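A quick note: this is a predicted structure, and the numbers were derived from the prediction, not measured. Quick note on labels: first sequence line is chain A, next is B, and so on, each numbered from 1.
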Number of protein chains: 2
Amino acid sequence: MAGQKVQRQTGVALWRQIADRIRTSINHGDFDETGMVPPETALALQFGVNRHTIRSALAALAQEGIVRAVQGRGTLIERKERLSFPISRRTRFSQGIGDQVRETRSVLLAASEEAASPDLARQLKISTGTRLVRLETLGQADHRPVSRATSWFPADRFGAIAEIYRTTGSITKAFRELGVPDYVRVVTEITATHADEGDLADLQLSPGAIVLVAQALNADLDNIPVQYSISRFAADRVRFTVEN
Amino acid sequence: MAGQKVQRQTGVALWRQIADRIRTSINHGDFDETGMVPPETALALQFGVNRHTIRSALAALAQEGIVRAVQGRGTLIERKERLSFPISRRTRFSQGIGDQVRETRSVLLAASEEAASPDLARQLKISTGTRLVRLETLGQADHRPVSRATSWFPADRFGAIAEIYRTTGSITKAFRELGVPDYVRVVTEITATHADEGDLADLQLSPGAIVLVAQALNADLDNIPVQYSISRFAADRVRFTVEN
DNA sequence: TATGGTTGTCTATATCAATAGACATTTTGA
DNA sequence: TCAAAATGTCTATTGATATAGACAACCATA
């Protein structure tokens, strides 16, 4: 926790930079011994800013429910975050993090049908214009949103997937009912960007947060693509783990 | 490119949010037909902000060398970025992106020796306090910095690795000279955060940029850990690809 | 119970971020 | 050659961000 400089005149307010750093420190376990954030005056000294700026940062974290200030005592840590999300040939949402939380759930936000764009067609190895089922889903762990995903499935094979998914809450089960006993992850692409409006709403993020974006292709056991998805994860809540 | 709302009073200035979005659009190829960014007035309408705010965003991108404004004509796209960085059992810096750029290079920034912290010891499966060689390196593609990394190696086996690396510029070759003919990636953890001071300097980033952080463990063919590294990539310049 | 350490609140001031409008300058093409 | 379209520059105003200082309120504990 040395070298705590913040940058000025960058378009990112100091209080937000500091809030992000403190959140990262909390998640890293830096304050586990006391269960408290250092005093505002100490943080102000550490970051080289006014105490009021620290208070703005802590207020943002309190708004997120991560800390709670108690007058006279200090600022208590309420909640730590960051799930480890494994990426492997058998990547599935619930299985990977099932042992890290009490309950995982997946919710269907919206379903529609559309024609494959050139980009989607290339990914799914079909011809442009082929009908696709599009699902918008939200992944939750212990009732807290972790990821939001858009998935596309060829409509000829999986036209009914929305209904089945809505009742079971599981892609794996839906595939099974539709004649795909098993499927594997072919490739995952990972990038990072700032949270957009939808991320803020669905993932309950604070503005300016970072999201990890995973674009994934799943195929059945005959290596025929069955699902292309773009998932957005709150970068503060997850880490990806690639086991080789 | 619809739904272009930006958030106010979030601690992230509008011009920075917009600069990030435009950069992403450029990298995505949205303006490839014209080779130009839309006119400032059009962007102002699209994002729902004043033209001056758009100008601030474009000025930031011009500062990065991504666009160049020409009075009377428009704003030209100078450079697109984003390398695909494969992560697999045989992940190496140069091999993966070698076919995407003309030249890859790796530069040694600093070398030192230190005792293993409890965390490092756990990762490398050694006892706390064991001597480690620590290397700070910078990965370049076509003379542009792509990643900065800190690596640790057990000093008993690899005490001379700094010298060999300095001359060869290759971890693979250095390992070979030190009796490790081959090595594999055991696990990679991927997170994302805001760029820190060192990122700004070494990776020539604009303040407020996002970095992808990859923590990786390499082992020799006897499955004995030989290297633990933390690499930081400019999120705008790379995407990770996990092939399964 | 007194004291030191901590968060809460208030006022004041300076700078950055954003909007608004007007007009100049340059390029392109009809 | 003129007009349209685009970037460049300037002034003015408002609200958010950040600093500075002072003091109140509260908690733990010696």
### Summary
Atom CZ of A:Arg16 and atom P of D:dA18 are separated, to the nearest Å, by 11 Å
### Distance in angstrom units between A:Gln71 CD and D:dA24 C1', rounded
8 Å
#### Entry: Rounded interatomic separation in angstrom, taking CH2 from A:Trp15 and P from C:dA17
14 Å
### Message
On the side chain of B:His52, is there an atom forming a donor-acceptor pair with the base of D:dG8 - under 3.5 Å, no angle test?
### Response
no
### Task
Identify whether any heavy atom of A:Ser56 sits under 4.0 Å from a base atom; if not, whether one sits that close to sugar-phosphate; answer base, sugar-phosphate or nothing.
nothing
### Task
Establish, with yes or no, whether the OP1 or OP2 oxygen of C:dT19 is under 4.0 angstrom from a side-chain nitrogen or oxygen of B:Thr53.
yes
### Message
With a 4.0 Å cut-off on N to O distance, would you call A:Arg55 and A:Glu40 a salt bridge?
### Response
yes
### Query
Taking atom C1' of C:dG21 as reference, at what distance in whole Å does atom CZ of B:Arg51 sit?
11 Å
### Task
Spell out, as yes or no, whether a donor-acceptor pair under 3.5 Å connects the side chain of A:Thr34 to the backbone of A:Met36.
yes
### Task
Take the protein atom CG of B:Asn50 and the nucleotide atom P of D:dT11, then report the distance between them rounded to whole Å.
17 Å
#### Entry: Length of the CZ-P vector between A:Arg73 and C:dG8, whole Å
13 Å
### Message
With heavy-atom distances below 4.5 Å as the criterion, would you say the side chains of B:Leu43 and B:Ile18 are in contact?
### Response
no
### Query
Rounded to the Å, how far apart are B:Glu40 CD and D:dT9 P?
11 Å
### Whole-Å distance separating the CG atom of B:Leu14 from the C1' atom of D:dT14
14 Å
### Query
Under a 4.0 Å N-O cut-off, is there an ion pair linking B:Glu113 with B:Arg131?
yes
